[in-house]
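Proteins get letters first, then strands, A, B, ... in listed order; numbering begins at 1 in each.
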2 protein chains.
Amino acid sequence: MSQPTMEDVARLAGVSRALVSLVMRDSPKVSNHSRTAVLDAADQLGYRPNLAARILASRKTSTIGLVLDDLHNPFFPDIADGVNEAAEQSDYRLLMNSAFLTPASEQRAVETFLEFRTDGVIIVGSRLAAGAIETAAESVPIVVVGRPLRSDRVDSVNNNETRGARLVVDHLVELGHGRIAHIDGGRGAGAAQRRAGFVAAMKRHGLRPDVVSGDFTEAGGVAAMRELLARRRRPTAVFAANDLTAVGALGCTEDAGLSVPDDISLVGYDNVALAATHHISMTTVDQPRNEMGRLAVATLLERLEGSRSSVARHVLAPSLRIRSTTAPPGPAARRKRAGTRNNPGR
Amino acid sequence: MSQPTMEDVARLAGVSRALVSLVMRDSPKVSNHSRTAVLDAADQLGYRPNLAARILASRKTSTIGLVLDDLHNPFFPDIADGVNEAAEQSDYRLLMNSAFLTPASEQRAVETFLEFRTDGVIIVGSRLAAGAIETAAESVPIVVVGRPLRSDRVDSVNNNETRGARLVVDHLVELGHGRIAHIDGGRGAGAAQRRAGFVAAMKRHGLRPDVVSGDFTEAGGVAAMRELLARRRRPTAVFAANDLTAVGALGCTEDAGLSVPDDISLVGYDNVALAATHHISMTTVDQPRNEMGRLAVATLLERLEGSRSSVARHVLAPSLRIRSTTAPPGPAARRKRAGTRNNPGR
DNA sequence: GTGAAAGCGCTAACAG
DNA sequence: CTGTTAGCGCTTTCAC
């Protein structure tokens with residue numbers, strides 16, 4: 001498995017090593033003749049440039065590192081798609097890592113990229129302390145996505161959490177709900193802001209904000225919902241911190257023999273594909289994930305090209321998607337709706 | 001952003017560069033005194049070893065590259081979890097890449113790892129031609145997961161596709177189904193084997209195998225199901241090549257005003273978390289994904305440590321999970337079941 | 001234990 | 001266009 005080097009290629013092609021280097025970086029100042037000679041030789045040998053050597057000599061990696069909090073949450077792959085598209089267009093190599101939902105694992109992932117000296121790092125849904133991010137940002141440009149950060153040195157791309165939460169509460173209140181609970185995202189990225197947005201919106205309506213803890217996972221949604229259903233006075237509507245949590249809550253509710261939205265209305269956040277399926281048809285808040293991914297790359301590139309040195313804090317507008325998990329509360333509504341809905345069965 | 005080097009650390013600590021190197025690799029032959037001196041200096045400078053230089057000099061990366069076909073299919077994150085756990089335990093760094101469902105993108109991902117000279121590469125759900133994989137395997141040990149490969153040089157970890165497909169067909173036939181269609185996985189990994197298994201099992205029962213094409217995605221499931229529903233004689237049961245496809249088919253069926261399993265039975269493959277939710281409750285075939293991930297790493301390590309030079313072809317046993325999307329065919333069954341099921345609504 | 005010296009495979013000026 | 005010459009930052013003998 002010992003690999004051929006430039007030297008080998010040069011010898012076989014009968015040229016100098018420097019020429020091979022030029023060809024590998026497709027420099028324009030190489031004659032067609034020598035180019036094909038070199039390429040042929042490389043091909044014959046199965047030569048592949050050694051990235052480590054290349055990076056070491058050129059002091060740049062042309063690589064951006066992407067850290068995703070949780071691969072099981074479709075939100076992250078959606079962002080990754082956007083990042084990938086943009087990176088590809090700008091000739092940057094992409095390397096990914098999952099944070100597997102823990103700060104320790106996330107720190108390790110970031111550390112790996114720092115050691116690699118990737119040109120930039122994009123962290124999606126970071127659970128790291130702001131200080132840790134800022135420290136890392138001292139050695140490499142970092143863009144944080146989906147985690148509001150009030151740093152004046154680290155760029156970020158977010159949706160307006162406050163606005164999103166308010167859209168949800170307003171919708172629910174408009175339907176006539178008063179007892180609304182929020183299953184939050186715990187220590188997850190953006191959870192604090194979403195929670196604060198919920199609390200503020202509730203107060204605006206003169207309602208008592210009711211928050212139970214979750215963790216942005218389906219299992220967390222199940223547990224939190226179980227808690228809510230066990231109460232003497234159940235909420236009539238529940239706003240889950242993300243779609244995954246909402247799906248968990250949905251299953252739990254139905255397991256308990258209750259129906260959504262007839263007995264309880266349910267709202268998620270993110271608008272992942274799952275929420276849009278006929279079967280789930282979840283009312284939720286949309287974040288423009290693909291765009292956020294692309295924007296993260298663009299923001300990073302501005303830093304890399306030095307075209308901007310001030311902080312960029314992009315805040316995109318979320319939008320409410322009303323589907324079938326929200327309805328007016330109370331038995332009256334249930335009766336009224338009974339005739340008009342087609343029931344999937346199962 | 002210019003980073004400190006070993007030289008800087010050595011100077012600050014008042015020792016030689018070699019000593020710093022030893023400390024960074026926690027060699028036992030360093031006095032406690034100099035060790036702390038070096039560590040302090042490194043800390044103070046924010047020093048981080050340069051991986052490229054390290055790799056270049058040591059000729060090993062202690063890194064394994066993981067290529068996943070499609071992040072949107074929970075099957076892949078599930079495998080990644082297993083890989084991550086095992087890699088962590090063996091002190092290997094993990095770097096991931098998505099193939100974004102296309103061979104070209106997958107090839108690029110693999111190429112990146114080859115250039116990095118990662119110690120090994122695990123490809124999950126490969127869409128590459130067997131030849132391409134074998135070629136790559138000449139420069140680095142590769143383990144292919146979820147893609148049966150009859151190479152005698154590349155290790156692989158799979159579930160028994162033939163067996164899995166047969167479990168499905170047998171179950172359906174036992175329920176009384178005769179017109180069973182298979183929405184296949186197109187050119188996706190393992191699709192051919194799953195399809196062949198379906199065809200063989202159908203023939204064993206003296207039934208006519210009916211195959212329409214899909215692509216392992218939800219959208220593909222919708223399209224294929226639409227085609228099936230448009231026929232004069234609809235199948236009474238559908239076996240989708242994976243859960244994602246099945247979920248698409250499910251939504252499409254219900255959009256058409258039909259009910260699962262009363263009008264059509266549906267079976268998936270993979271047993272991803274989504275299939276197990278109360279709401280979907282899909283009959284499917286389980287693959288031990290976490291175990292497959294761990295096994296892939298173990299298989300790779302055997303190669304890296306030279307404890308095995310022959311090919312390893314692990315084939316794990318799939319198992320059927322009967323849930324709520326399968327039932328006997330026909331209106332009689334429907335009537336009989338009507339009274340006994342609780343209907344989730346929505 | 002510690003230091004000196006020789007590369008790892010490549011890029012990047014710089015002459016020719 | 002082509003060849004020469006220095007390193008990039010680290011590991012790795014090998015003496016001391």
Side-chain angles (χ1 to χ4, degrees), chain A residues 1-39 41-42 45-63 93 112 114-119 139-140, chain B residues 1-39 41-42 45-63 93 112 114-119 139-140:
Chain A
M1 299 246 178
S2 173
Q3 319 253 352
T5 74
M6 242 176 200
E7 194 71 54
D8 301 320
V9 177
R11 201 168 336 151
L12 206 168
V15 298
S16 77
R17 226 184 46 204
L19 213 221
V20 178
S21 174
L22 287 177
V23 172
M24 293 323 279
R25 289 175 280 151
D26 12 62
S27 153
K29 37 189 183 176
V30 175
S31 71
N32 267 322
H33 178 71
S34 7
R35 161 166 281 114
T36 56
V38 169
L39 255 22
L45 260 41
Y47 169 77
R48 215 180 319 264
N50 181 322
L51 248 192
R54 203 169 214 181
I55 290 171
L56 193 55
S58 69
R59 281 92 155 287
K60 52 193 281 300
T61 58
S62 302
T63 297
R93 202 180 281 113
T112 295
L114 292 184
E115 291 184 4
F116 262 122
R117 304 290 195 267
T118 55
D119 294 347
S139 10
V140 68
Chain B
M1 299 246 178
S2 172
Q3 320 254 349
T5 74
M6 242 177 201
E7 193 72 53
D8 301 320
V9 177
R11 201 168 333 150
L12 206 167
V15 299
S16 77
R17 228 182 44 203
L19 215 221
V20 178
S21 174
L22 288 177
V23 172
M24 293 324 277
R25 287 174 283 149
D26 9 60
S27 154
K29 38 187 182 179
V30 175
S31 70
N32 266 321
H33 178 71
S34 8
R35 162 167 282 115
T36 55
V38 168
L39 254 23
L45 260 43
Y47 169 76
R48 217 181 315 266
N50 181 320
L51 249 190
R54 202 168 214 182
I55 291 171
L56 192 55
S58 69
R59 282 94 156 285
K60 54 194 277 304
T61 58
S62 302
T63 297
R93 200 181 282 115
T112 295
L114 292 183
E115 292 183 3
F116 262 123
R117 304 290 195 266
T118 56
D119 294 346
S139 11
V140 68

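Regarding A:Met24, its CE atom lies at a distance of 14 Å from the P atom of C:dA12, rounded to whole Å. The separation between A:Lys60 atom NZ and C:dC10 atom P is 16 Å, rounded to whole Å. As a whole-Å value, the separation of A:Leu51 CG from C:dC8 P is 19 Å. A straight line from CG of A:Asp8 to P of C:dC8 spans 12 Å, rounded to a whole angstrom. Whole-Å rounding puts the B:Leu56 CG to C:dC10 C1' distance at 8 Å. Across the protein-nucleic acid pair, A:Met6 atom CE and C:dA12 atom P stand 10 Å apart, rounded to whole Å. Between the CD1 atom of A:Ile55 and the C1' atom of C:dT11 there is a distance of 12 Å, given to the nearest Å.
In this view, B:Thr36 satisfies the side-chain contact (heavy atoms from CB on, under 4.5 Å) rule with no residue, not counting sequence neighbours. Remark: A:Ser58 pairs with A:Lys60 by the side-chain contact (heavy atoms from CB on, under 4.5 Å) rule, at least two apart or across chains. Residues that satisfy the side-chain contact (heavy atoms from CB on, under 4.5 Å) test with B:Arg59, not counting sequence neighbours, are absent from this structure.
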Shorter than 3.5 Å, N or O on both sides, protein versus nucleotides 1-3 of chain C: list them out with atom names.
from  : atom 1 : to      : atom 2 : distance (Å)
C:dT2 : OP1    : B:Ser34 : OG     : 3.2
C:dT2 : OP2    : B:Ser34 : OG     : 2.9
C:dG3 : OP2    : B:Ser16 : N      : 3.0
C:dG3 : OP2    : B:Ser16 : OG     : 3.1

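Once rounded to the nearest 0.5 Å, the distance linking CG of B:Leu56 with CD1 of A:Ile55 reads 10.0 Å. With rounding to the nearest 0.5 angstrom, the CD atom of B:Gln3 is 4.0 Å from the CZ atom of A:Arg117. Here B:Phe116 contributes atom CZ and A:Arg93 contributes atom CZ; the two are 6.0 Å apart, rounded to the nearest 0.5 Å.
On the nucleic acid side, DNA chain D has its first and last nucleotide under 4.0 Å of a heavy atom of chain B at D:dG9 to D:dT12, going 5' to 3'.
B:Arg25 and B:Ser21 share a donor-acceptor pair across their side chains, judged by distance under 3.5 Å alone.
Between A:Arg54 and C:dT11 there is a side-chain N or O to OP1 or OP2 distance below 4.0 Å.
Screening residues 10-20 of chain A for side chain to side chain donor-acceptor pair (under 3.5 Å) gives A:Asp8-A:Arg11 as the qualifying pairs, with residues at least two apart or on separate chains.
No donor-acceptor pair closer than 3.5 Å links the side chain of A:Thr118 to the backbone N or O of A:Thr63.
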